[in-house]
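Report on the structure given below.
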Amino acid sequence: MTTMQQQPATPRVALYARFSTDLQRQTSIADQLVAARDRAAKEGWLIVAEHADEGVSGSVPVTLRRGGKALLADALAARFDILIVEGLDRLSRDMGEQDQVVKRLEYRGLRLIGTSDGYDTLAKGRKVMRVARGLVNELYLDDLRDKTHRGLAGQFGRGLSAGGRSYGYRTEAVDGGRRIVIDEAEAVHVLWIFEQVASGRSPRAVLFELNARGIKSARGGTWAMSGLGGSMARGLGLLQNEIYIGRVIWNRRQWLKDPETGARRYVERPQSEWQVRQAPELRIVADDVWQRVRLARGPGRAYTGGGVPTTLFGGLLRCAECGGSVVAIDARHYGCAAHKDRGPAVCSSKHTWPRKRVDQRLIAEVRNELLGVDVAGELRQRIRAHVAAATRAAEQGDPRRRRAALQGDVERLVDAITRHGYSPSLAGRMQAAEAELQAIDLEAQRARVTSAGATALVDQAIAEYKSLLMQLEVALTEETDRLRTRQILASLLGRVTLGKDAAGESYAELQDPAQRLLVAAGGGADGGGCEGRI
């Protein structure tokens with residue numbers, strides 16, 4: 001059921017616009033905002049915010065867009081009363097997400113208006129329109145995806161670029177599209193990398209030297225093992241890319257959106273769908289060097305990093321030296337991911353921290369946070385309110401009205417038997433009514449017992465809560481939803497930085513000490529944070 005807030009005399013309006021490519025200039029940001037402003041001016045409404053996302057596909061979740069996030073933040077803070085968009089597809093072209101976003105906005109009492117598609121929260125048929133528009137928008141996205149894929153397949157078949165960039169190559173304009181050609185400056189580095197690994201040098205050592213020499217990767221940043229070593233099984237990474245021996249493969253992988261997180265990830269296509277083109281003009285590496293790299297690495301030496309962290313705090317921690325992620329570098333230690341995967345030229349920190357000790361310190365901090373007086377007091381109040389509501393429902397709800405109705409039935413049945421005499425049907429109906437009355441009386445008695453023992457129940461729940469917290473480490477490590485667990489830990493702890501001081505002592509530094517004070521031997525607080533010795 002939609003809950004509408006009472007709007008002020010002059011409603012506050014937010015505008016949102018989005019387009020994905022230059023092909024949509026006819027419905028560009030400026031055009032969409034003009035139509036929205038005209039609608040607000042016509043109604044005499046006050047515009048308080050304008051948000052937009054340029055060059056962003058409608059398949060990208062709203063929460064992952066810069067303008068979309070700002071819009072939702074304003075909605076949660078109740079900074080506007082009405083949202084005007086060109087159409088629901090500006091919010092999302094995914095039917096499920098579109099429906100969810102609209103429902104959330106309308107539940108918070110916000111009115112949603114589409115200047116082009118005619119959607120209006122106040123319209124009686126808005127739910128039907130929302131479903132219909134959502135279906136049309138999603139089908140449009142599917143059709144656009146299919147057309148784009150067919151177009152890229154045609155480009156590849158004609159020997160042109162179908163998108164993507166491999167280090168060592170660039171594209172140049174030709175009739176009908178762009179053609180891949182060798183970038184001579186980068187090709188020198190490609191050949192050097194292959195020759196170094198073919199001679200027996202480890203990819204990690206090669207990567208460290210590339211970063212030390214300031215040689216930029218294909219994306220213009222530092223080199224990482226995922227981009228250089230990659231995975232031999234999946235054909236990922238520079239050392240696995242067959243374009244360097246003149247064999248171009250397309251349609252090997254596709255992007256799919258995870259419905260749980262909204263994040264996109266690569267998914268391998270069946271090999272039968274791959275398209276392969278021989279392009280000897282693109283060869284940079286000789287066959288013998290290519291084969292020696294295969295032999296030097298071996299099937300068991302493929303890079304397997306970059307997955308979802310399996311430790312409680314790996315990836316949630318930050319390195320004091322470079323600000324990068326701290327991850328589990330082995331079974332017993334945390335270390336800086338940048339130093340491990342990109343080398344000392346990116347992060348000079350060689351520090352490691354014992355995983356067990358760090359986990360214990362941080363779990364102790366979480367436990368102290370959840371055992372705080374404020375938390376326990378709020379929990380106690382909520383349990384009492386829940387018990388009170390349950391008691392009222394049992395004593396004053398439907399059972400009371402049903403009891404009165406049953407008593408009336410019994411009286412009428414007794415009167416009927418008195419007037420017309422005994423009959424099996426009347427007697428059976430009266431027995432059933434009396435049995436239900438007894439059941440209701442028993443339930444009321446139980447409700448009174450529950451009411452009398454409410455205090456004991458609250459105390460028992462608090463005791464169980466504290467007992468669970470004392471075994472928090474076991475509860476967290478046994479939690480099956482590791483992603484959810486890590487999200488909760490991150491919200492409780494905030495940013496945690498690991499480092500070592502001049503004396504070589506390890507420390508964990510937390511921001512916002514007033515709320516996230518790390519309690520540990522040797523710690524101290526000041527205006528900029530709090531340090532706890534590890």
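What you are looking at is a predicted structure, and each value in this text was computed from that prediction instead of being measured.
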Give the minimum heavy-atom separation between Ala14 and Leu71, together with the two atoms involved.
CB-CD1, 4.5 Å
Under 3.5 Å donor-acceptor, Arg277 side chain and Phe156 backbone:
yes
Hey, do the aromatic rings of Trp223 and Tyr167 have their centres closer than 6.0 Å?
yes
Side chain to side chain contact (heavy atoms under 4.5 Å, CB included) assessment of Asp74 paired with His51
CA-CA 10 Å; Asp74 282 351; His51 301 292; 2.7 Å; yes
Would you please say whether a donor-acceptor pair under 3.5 Å links the side chains of Asn211 and Thr222?
no
May I ask you to test the Phe19-Glu54 pair for a side-chain heavy-atom distance under 4.5 Å?
yes
Between Ile47 and Arg37, what is the shortest heavy-atom contact and its length?
CD1-CG, 3.9 Å
I want to check something: taking the side chain as every heavy atom from C-beta on, are Leu122 and Arg111 in contact at a cut-off of under 4.5 Å?
yes
Quick one: does any side-chain atom of Gln155 pair with a main-chain N or O of Gly176 as donor and acceptor, under 3.5 Å?
yes
How far does CG of Leu91 sit from CG of Leu105, to the nearest 0.5 angstrom?
7.0 Å
Separation of Leu15 CG from Phe80 CZ (nearest 0.5 Å):
10.0 Å
To the nearest 0.5 Å, what is the distance between CG on Leu228 and CG on Leu238?
6.0 Å
Any chance you could measure Tyr119, atom OH, to Leu112, atom CG, to the nearest 0.5 Å?
6.0 Å
Nearest heavy-atom neighbours spanning Leu33 and Ala17
CD2-CB, 4.0 Å
For the pair Val496 and Leu362, evaluate side chain to side chain contact (heavy atoms under 4.5 Å, CB included) and give the outcome as yes or no after the intermediate values.
CA-CA 9 Å; Val496 181; Leu362 295 179; 4.1 Å; yes
Pair Ser349, Cys322 - check side chain to side chain contact (heavy atoms under 4.5 Å, CB included), show working.
CA-CA 8 Å; Ser349 174; Cys322 69; over 6 Å; no
Quick check on Arg269: does its CZ atom have over 12 non-hydrogen neighbours (other residues, nucleotides or ligands) under 6.0 Å away?
yes
Yes or no on side chain to side chain contact (heavy atoms under 4.5 Å, CB included) for Leu152 and Asn251, after CA distance, side-chain angles and deciding distance?
CA-CA 9 Å; Leu152 293 175; Asn251 205 42; over 6 Å; no
Under a 3.5 Å cutoff, is there a donor and acceptor pairing between the side chains of Glu106 and Thr121?
yes
Minimum side-chain heavy-atom gap Pro344-His339 below 4.5 Å
yes
For Arg65, give me all partners under side-chain contact (heavy atoms from CB on, under 4.5 Å), at least two apart in sequence or on another chain.
Tyr16, Arg18, Asp53, Val56, Val60, Val62, Ser92
I want to check something: taking the side chain as every heavy atom from C-beta on, are Met225 and Leu207 in contact at a cut-off of under 4.5 Å?
yes
Under-4.0 Å salt bridge between Arg252 and Glu268
yes
Which residues share a side-chain contact (heavy atoms from CB on, under 4.5 Å) with Arg150, sequence neighbours left out:
Asp146, Lys147
Side-chain donor or acceptor of Arg39 paired with backbone N/O of Gly114 under 3.5 Å:
no
For residues Asp117 and Leu88, determine if any side-chain heavy atom of one lies less than 4.5 Å from a side-chain heavy atom of the other.
yes
Would you mind reporting whether Arg318 and Val326 have side-chain heavy atoms less than 4.5 Å apart?
no
Just wondering, more than 12 heavy atoms not from Arg66 lying within 6.0 Å of its CZ?
no
Looking only at heavy atoms, what is the nearest atom pair of Ala36 and Thr115, with distance?
CA-CG2, 4.1 Å
For Arg179, does its backbone N or O pair with a side-chain atom of Thr171 as donor and acceptor, under 3.5 Å?
no
Taking all atoms of both residues into account, what is the closest heavy-atom pair of Ala338 and Val346, and its distance?
CB-CG1, 4.1 Å
Considering all heavy atoms of both residues, which atom of Cys319 and which atom of Thr497 are nearest to each other, and what is their separation?
C-CG2, 4.0 Å
Please check if the number of heavy atoms outside Arg79 that lie under 6.0 Å from its CZ is greater than 12.
yes
About how many Å separate CZ of Arg178 and CG of Leu160, when rounded to the nearest 0.5 Å?
10.5 Å
Hey, could you give me the CG/CZ distance between Leu72 and Arg108, rounded to the nearest 0.5 Å?
10.0 Å
Under 3.5 Å, is there a donor-acceptor pair between the Asn241 and Tyr169 side chains?
no
Run the side-chain contact (heavy atoms from CB on, under 4.5 Å) test against Asp183 and tell me which residues pass, sequence neighbours left out.
Arg170, Ala185, Glu186
Are His351 and Cys336 side-chain neighbours, meaning at least one heavy-atom pair lies under 4.5 Å?
no
Side-chain touch Val13/Ile84, heavy atoms, less than 4.5 angstrom
yes
Is it true that Asp99 and Lys103 make a salt bridge, defined as a side-chain N closer than 4.0 Å to a carboxylate O?
yes
